[in-house]
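Just below is one structure, and these are the notes that go with it.
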Amino acid sequence: MRYWLMKSEPADCSIDDLAARPDQSVPWYGVRNYQARNFMRDTMRPGDLAFFYHSSCAHPGIAGIARIASLAYPDATQFDPASPYHDPKSTPESPRWFNVDVRFERKLSLIPLARLKSVPELSGMRVLQPGNRLSITPVTPEEWAFITGRLAGQ
DNA sequence: GCCAACGTTGGC
DNA sequence: GCCAACGTTGGC
């Protein structure tokens, strides 16, 4: 089993939005970066755990935990001309973009980005590296254990 | 709103 | 294949 960190803009889908959804799950559509796509398509497996991270907002940080709930399958929004994620170069015969389903696991009291950055044990964390923009990044078992065990307040 | 960092595009 | 231009990300 692997661990991940997945960014979501809470204005689009917050941890509370995820918890309130039918089945408490959501297709993680809209990823249009090849590296993040490859993580979903090639490495993620159902049962993997992910930090649910709030980005591009007033209080960026880890807001909860989610579980990968499906293998990757073609992202429907790429074929929808009305979607902002429409990709005219993609075809159903040869889809370019994929998504997994993500299910709510539990909420955490927010672990702010500044807190994560202040911890020496997490200095190597992928998402904290300067210039990182990937919306999906791997988390090591050590990082996962440290954050859930030492930084998560509940 | 600013801006640094990064990925993608497209001309050559 | 190079690389400049452009668009996006995301913290501040």
Side-chain angles (χ1 to χ4, degrees), chain A residues 2-21 25-44 48-68 72-140 142-144 146-148 150-153:
Chain A
R2 297 176 195 269
Y3 299 102
W4 306 94
L5 182 143
M6 303 176 80
K7 297 180 186 175
S8 181
E9 300 188 15
D12 293 337
C13 181
S14 70
I15 188 74
D16 290 325
D17 293 333
L18 179 63
R21 283 186 61 90
S25 78
V26 69
W28 205 259
Y29 61 81
V31 170
R32 294 296 180 267
N33 170 283
Y34 288 104
Q35 218 177 335
R37 177 203 68 180
N38 293 346
F39 282 142
M40 284 198 286
R41 190 189 60 186
D42 304 335
T43 317
M44 273 188 180
D48 287 1
L49 289 169
F51 288 127
F52 192 104
Y53 179 93
H54 284 177
S55 71
S56 293
C57 58
H59 303 290
I62 293 171
I65 292 176
R67 192 176 287 277
I68 307 308
Y73 58 92
D75 178 338
T77 62
Q78 69 195 307
F79 308 123
D80 177 3
S83 169
Y85 300 114
H86 180 231
D87 184 346
K89 294 178 184 169
S90 189
T91 65
E93 295 73 30
S94 179
R96 183 181 290 195
W97 305 112
F98 291 79
N99 66 254
V100 296
D101 291 339
V102 165
R103 178 167 293 128
F104 177 78
E105 188 75 16
R106 64 191 165 106
K107 195 174 169 178
L108 300 174
S109 53
L110 186 81
I111 306 170
L113 174 60
R115 180 87 199 282
L116 298 171
K117 282 182 173 172
S118 75
V119 176
E121 286 87 343
L122 299 178
S123 61
M125 203 174 172
R126 184 81 170 262
V127 74
L128 301 180
Q129 300 315 302
N132 169 75
R133 294 192 318 176
L134 268 184
S135 63
I136 298 174
T137 48
V139 172
T140 69
E142 293 77 16
E143 291 161 351
W144 184 273
F146 186 87
I147 292 170
T148 55
R150 303 277 298 279
L151 298 187

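All values below were derived from every heavy atom in this structure, side-chain atoms included, with hydrogens, water molecules and symmetry-related copies excluded.
Atoms CD1 (A:Ile136) and P (B:dC6) sit 19 Å apart, rounded to a whole Å. Going from atom CZ of A:Arg32 over to atom P of C:dC6 covers 25 Å, rounded to whole Å. In this structure, A:Asp87 places its CG atom 18 Å from P of B:dG7, rounding to the nearest Å. Atom NE2 of A:His59 and atom P of C:dG11 are 13 Å apart (whole Å). Atom CG in A:Asn132 sits about 13 Å away from atom P in C:dC12, given to the nearest Å. Regarding A:Arg126, its CZ atom lies at a distance of 15 Å from the C1' atom of B:dA5, rounded to whole Å. In this entry the distance linking CG of A:Asp12 with C1' of C:dT8 reads 15 Å, nearest Å. With rounding to whole Å, A:Gln129 atom CD is found 15 Å from B:dC6 atom C1'.
When the side-chain nitrogen and oxygen atoms of A:Lys7 are compared with OP1 and OP2 of C:dT9, none of them lie within a distance under 4.0 Å. When the side-chain nitrogen and oxygen atoms of A:Tyr53 are compared with OP1 and OP2 of C:dG11, one or more of them lie within a distance under 4.0 Å.
Here A:Asp42 does not pair with A:Arg37 in a salt bridge; the nearest charged N to carboxylate O distance is not below 4.0 Å.
The residue among A:Asn33 and A:Lys89 whose nearest nucleotide of DNA chain B lies closer to the 5′ end is A:Asn33.
Between A:Tyr3 and A:Trp144, the angle of the ring planes stays under 30°, which puts this pair in the parallel group of the 30/60° scheme. Note: A:Phe52 and A:Trp28 have perpendicular aromatic rings, judged against thresholds of 30 and 60 degrees for the angle between ring planes.
Checked against B:dT8, C:dG7, C:dC12, the side chain of A:Lys117 finds its nearest nucleotide in C:dC12.
Of the possible donor and acceptor atoms, none in the side chain of A:Lys107 sits under 3.5 Å from a partner among the backbone N and O of A:Ile15.
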